[in-house]
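To start, the structure itself, in structure tokens.
Not measured: the values here are computed from a predicted model. Index from 1, following the sequence.
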Amino acid sequence: METIAHPAPRPMSLPRDVPAEAIESFDAFYQREFPRAVGLALALTGDGAVAEDLAQEALLSAHRKWARIRTYDRPGAWLRRVVTNRAISHHRRRTSEWRTTLRWTARQPGSTTIPELPSDATEVWEAVRALPRRQAQAI
């Protein structure tokens with residue numbers, strides 16, 4: 001999959017005579033953007049719980065960087081980009097887990113449980129631990 005590079009949003013310059021109250025508070029930003037972020041994440045993942053987690057993680061990131069993000073022309077667009085990136089990462093992680101599970105179950109025909117070791121396995125593993133490191137790793 002091809003990755004598209006997006007330029008970082010440019011902060012707008014605020015005139016010195018703009019009162020601090022004119023800049024949006026994080027609480028107001030959160031109240032406005034949380035439902036939108038959850039909706040986007042839900043559309044991208046199809047899972048409500050995951051969507052809420054992704055939205056919360058993105059808003060936590062926004063909160064940590066709020067001094068810079070609040071000066072952007074469109075801080076909501078920054079948040080949506082973060083939600084999208086996190087949803088893509090979530091999808092990649094889930095796909096990787098799914099493939100690993102498939103490989104594991106293919107090795108264990110008819111069973112997804114780990115077999116129990118025989119009673120004499122303790123002696124064998126003690127002998128393996130007594131070997132030089134590289135030989136023990138090979139076993």
Side-chain angles (χ1 to χ4, degrees):
M1 177 158 58
E2 183 178 322
T3 305
I4 299 172
H6 295 281
R10 295 182 322 165
M12 64 179 199
S13 58
L14 294 173
R16 292 183 186 265
D17 58 345
V18 173
E21 298 82 38
I23 298 175
E24 182 177 35
S25 72
F26 182 79
D27 291 341
F29 175 75
Y30 182 93
Q31 292 295 321
R32 185 184 74 243
E33 294 295 333
F34 180 71
R36 295 173 182 174
V38 171
L40 174 61
L42 181 59
L44 295 172
T45 65
D47 185 330
V50 171
E52 286 185 12
D53 287 346
L54 294 176
Q56 287 287 2
E57 290 171 9
L59 281 158
L60 178 60
S61 182
H63 185 263
R64 289 180 179 144
K65 301 173 184 178
W66 186 243
R68 179 173 42 102
I69 294 168
R70 70 182 183 177
T71 64
Y72 291 170
D73 290 330
R74 296 174 41 211
W78 180 91
L79 181 70
R80 287 186 292 281
R81 182 74 247 170
V82 172
V83 168
T84 301
N85 289 344
R86 289 179 183 269
I88 290 168
S89 294
H90 173 77
H91 175 71
R92 287 179 181 154
R93 197 170 34 256
R94 292 291 307 249
T95 301
S96 176
E97 291 170 0
W98 180 72
R99 287 180 182 151
T100 301
T101 302
L102 282 179
R103 280 193 302 266
W104 174 256
T105 56
R107 291 183 195 158
Q108 306 291 325
S111 173
T112 58
T113 61
I114 298 174
E116 290 189 32
L117 296 174
S119 60
D120 60 346
T122 305
E123 295 172 22
V124 171
W125 288 113
E126 285 176 3
V128 169
R129 283 190 285 277
L131 292 172
R133 184 177 60 93
R134 298 289 290 180
Q135 290 177 353
Q137 287 173 342
I139 291 176

Can a donor-acceptor pair be found, under 3.5 Å and without considering hydrogens, that links the side chain of Thr101 to the backbone of Glu97? yes
Look at the side-chain heavy atoms of Ile, Leu, Val, Met, Phe, Trp and Tyr, link any pair under 4.5 Å apart, and say whether Val38 and Val50 land in one connected group.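 As far as the 4.5 Å side-chain criterion goes, Val50 and Val38 are not connected within one cluster.
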Are Leu40 and Leu42 connected in a single hydrophobic cluster, I mean Ile/Leu/Val/Met/Phe/Trp/Tyr linked by side-chain heavy atoms less than 4.5 Å apart? no
State the [atom1]-[atom2] distance between [X] and [Y], to the nearest 0.5 angstrom.
| X | Y | atom1 | atom2 | result |
| --- | --- | --- | --- | --- |
| Glu33 | Trp78 | CD | CH2 | 11.5 Å |
| His91 | Trp98 | NE2 | CH2 | 10.0 Å |
| Asp47 | Glu52 | CG | CD | 9.5 Å |

Can you list, pair by pair, the side-chain donor-acceptor contacts under 3.5 Å of residues 53-61, counting residues two or more places apart and other chains?
residue : atom : partner : partner atom : Å
Gln56   : NE2  : Tyr30   : OH           : 3.1
Glu57   : OE1  : Arg86   : NH1          : 3.3

Residues that Asn85 engages under side chain to side chain contact (heavy atoms under 4.5 Å, CB included), provided they are two or more places apart: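 Applying side chain to side chain contact (heavy atoms under 4.5 Å, CB included) to Asn85 gives Arg81.
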Ring-plane angle category for Trp66 and Phe29, please: parallel below 30°, perpendicular beyond 60°, tilted otherwise. tilted
For Arg94, enumerate each residue passing the salt bridge (charged side-chain N to carboxylate O under 4.0 Å, His left out) test, keeping only those at least two apart in sequence or located in another chain. none
